[in-house]
Number of protein chains: 2
Amino acid sequence: MGATKSQHFTDKQNSIAVMIKALGHPARIAIIEYLIKVDSCICGDIVNELPLAQPTISQHLKELKNAGLIKGNINGNAICYCIDEKAIQKLQNYFGNISKKLENKNNCC
Amino acid sequence: MGATKSQHFTDKQNSIAVMIKALGHPARIAIIEYLIKVDSCICGDIVNELPLAQPTISQHLKELKNAGLIKGNINGNAICYCIDEKAIQKLQNYFGNISKKLENKNNCC
DNA sequence: CAACATTATCGTAATATTGCAATATTAAAA
DNA sequence: TTTTAATATTGCAATATTACGATAATGTTG
């Protein structure tokens, strides 16, 4: 045991969970927020901005990319990362839908 | 090593990450979706609905509760769990804000 | 009270994640 | 072509997560 039993859940549940999980780490939140703050793509300076070693950041970027949250373009010997708006919209919609469904509800708690 | 270096990030970043992380597992997504589907609180039947053992579900419920995503009311010998709408709204706002900030942006990727 | 139902906790095994030093890769610059 | 800069990969140690059997705790019902 120890591994998540993905087989038991639907594809939708698994895929949204993967996306959300990718954001469930302060370093990755910080990366996303930095991408927003600089209002452009990251081309190299992120390692200086975050208090983590370069391999660690590289790993976090990879995870964000695997989850579809950021896109990366090779640009010479630098790599240009930016947020994938579609992914953010998916998440926004997901929570928006939940909110909407909760509105017409009489919770007993 | 191995532990997340929370000290290096802001309180906001850490707290949103904790919340998001709590949802980053298909079982916990399934729990939330089930809570929405039944359109009321869970009072006991969730163990029969999910393909996981009772202690595992109890643990997932605990995590959701710790992260503030659900509330639990004791109700006789059953416990009544329901979604905390405020938490969902926080998440919706978080992604809504990101989306808004991305709109006025010329991404290079 | 005894039996039952419901949920929580403990203990533990299996697996995953986090972080970094060392090293590799790749492309630009000198 | 050597050097430099930027990023990725590998390997590994530390820690966290996931899952569940066993058991405890607590309230309900007969």
Side-chain angles (χ1 to χ4, degrees), chain A residues 1-9 13-14 17-31 34-35 41-67 70-82 108-109, chain B residues 1-9 13-14 17-31 34-35 41-67 70-82 108-109:
Chain A
M1 298 136 217
T4 294
K5 295 197 157 179
S6 308
Q7 340 92 35
H8 292 325
F9 303 99
Q13 287 171 336
N14 282 316
V18 164
M19 234 173 156
I20 292 176
K21 187 180 184 182
L23 266 181
H25 190 287
R28 296 193 288 269
I29 289 283
I31 289 172
Y34 182 64
L35 272 168
C41 302
I42 292 176
C43 301
D45 53 353
I46 196 168
V47 173
N48 307 313
E49 284 296 322
L50 293 190
L52 294 169
Q54 180 268 324
T56 307
I57 290 172
S58 186
Q59 210 173 294
H60 283 308
L61 287 167
K62 192 178 173 186
E63 266 180 80
L64 286 170
K65 202 178 171 189
N66 283 342
I70 61 175
K71 295 177 288 187
N73 276 21
I74 295 174
N75 189 342
N77 69 348
I79 289 195
C80 200
Y81 280 114
C82 61
C108 62
C109 310
Chain B
M1 298 135 220
T4 293
K5 295 196 155 181
S6 308
Q7 340 92 34
H8 292 325
F9 302 101
Q13 286 169 337
N14 282 316
V18 164
M19 233 173 155
I20 292 176
K21 186 179 184 182
L23 267 181
H25 190 286
R28 296 193 289 268
I29 289 284
I31 289 173
Y34 182 64
L35 271 168
C41 303
I42 292 176
C43 301
D45 53 351
I46 195 167
V47 173
N48 306 314
E49 283 296 322
L50 293 190
L52 293 169
Q54 180 268 324
T56 308
I57 290 172
S58 187
Q59 209 173 294
H60 282 308
L61 287 168
K62 193 178 172 186
E63 266 180 79
L64 286 170
K65 202 177 170 191
N66 284 342
I70 62 175
K71 295 177 289 187
N73 276 21
I74 295 174
N75 190 340
N77 72 345
I79 288 196
C80 200
Y81 280 114
C82 61
C108 63
C109 310

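Only this structure's heavy atoms are used, side chains among them; waters, hydrogens and symmetry mates stay out. First the proteins, then the strands, lettered A, B, ... as listed; each starts at 1.
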**Item:** Non-neighbouring partners of Thr56(B) that pass side chain to side chain donor-acceptor pair (under 3.5 Å), sequence neighbours left out
**Value:**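 Counting only residues at least two positions away or on another chain, Thr56(B) forms no side chain to side chain donor-acceptor pair (under 3.5 Å).
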
**Request:** List in chain and number order the residues that pass side chain to side chain donor-acceptor pair (under 3.5 Å) with Gln59(B), two or more places apart in sequence or in another chain; answer none if no residue qualifies.
**Result:**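 Listed in chain order: nothing, the list is empty.
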
In whole angstrom, what separates [X]'s [atom1] from [N]'s [atom2]?
| X | N | atom1 | atom2 | result |
| --- | --- | --- | --- | --- |
| Lys5(B) | dA16(D) | NZ | C1' | 16 Å |
| Leu50(B) | dA19(D) | CG | C1' | 14 Å |
| Ile31(B) | dA19(D) | CD1 | C1' | 13 Å |
| Glu63(B) | dT9(C) | CD | P | 13 Å |
| Ile29(B) | dT18(D) | CD1 | P | 12 Å |
| Asp45(B) | dT6(C) | CG | P | 10 Å |
| His60(B) | dT7(C) | NE2 | P | 16 Å |
| Asn66(B) | dT18(D) | CG | C1' | 16 Å |

Distance check, rounded to the nearest 0.5 Å: [X] atom [atom1] versus [Y] atom [atom2]?
| X | Y | atom1 | atom2 | result |
| --- | --- | --- | --- | --- |
| Ile57(B) | Leu50(B) | CD1 | CG | 4.5 Å |
| Gln13(A) | Ile31(B) | CD | CD1 | 10.5 Å |
| Ile79(B) | Ile46(B) | CD1 | CD1 | 12.5 Å |

**Prompt:** Sequence neighbours excluded, which residues qualify as side-chain contact (heavy atoms from CB on, under 4.5 Å) partners of Ser6(A)?
**Reply:**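 Testing Ser6(A) for side-chain contact (heavy atoms from CB on, under 4.5 Å), a comparison that skips the adjacent residues, returns Thr4(A), Asn14(A).
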
**Request:** Check side-chain contact (heavy atoms from CB on, under 4.5 Å) between Ala27(B) and all other residues, then give those that pass, not counting sequence neighbours.
**Result:**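 Applying side-chain contact (heavy atoms from CB on, under 4.5 Å) to Ala27(B) gives Phe9(A), His25(B), Leu52(B), His60(B).
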
**Asked** Has His25(B) got a side-chain N or O lying under 4.0 Å from the OP1 or OP2 atom of dA19(D)?
**Response**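 Yes, within the criterion.
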
**Item:** 5′-ward residue of the pair Ala27(A)/Thr4(A) relative to DNA chain C
**Value:**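 With Ala27(A) and Thr4(A) compared, the 5'-side residue is Thr4(A).
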
**Request:** Identify the heavy atoms of Ala22(A) and Leu64(A) that sit nearest to each other, and give their distance.
**Result:**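 Closest approach of Ala22(A) to Leu64(A), heavy atoms only: O-CD2, 3.9 Å.
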
**Prompt:** Considering all heavy atoms of both residues, which atom of Lys21(A) and which atom of Arg28(A) are nearest to each other, and what is their separation?
**Reply:**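 Looks like O-NH2, 3.7 Å.
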
**Prompt:** So what stems show up for DNA chain C if we need 3 or more Watson-Crick or G-U pairs in a row, all under 3.5 Å?
**Reply:**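 DNA chain C forms these stems: C:1-30 with D:1-30.
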
Report, one pair per line, the protein and nucleotides 8-11 of chain D atoms (nitrogen or oxygen only) whose separation is under 3.5 Å.
from   : atom 1 : to       : atom 2 : distance (Å)
dA8(D) : OP1    : Tyr81(A) : OH     : 2.6
dA8(D) : OP2    : Ser58(A) : OG     : 2.9
dA8(D) : N7     : Gln54(A) : NE2    : 2.6
dA8(D) : N6     : Gln54(A) : OE1    : 2.9

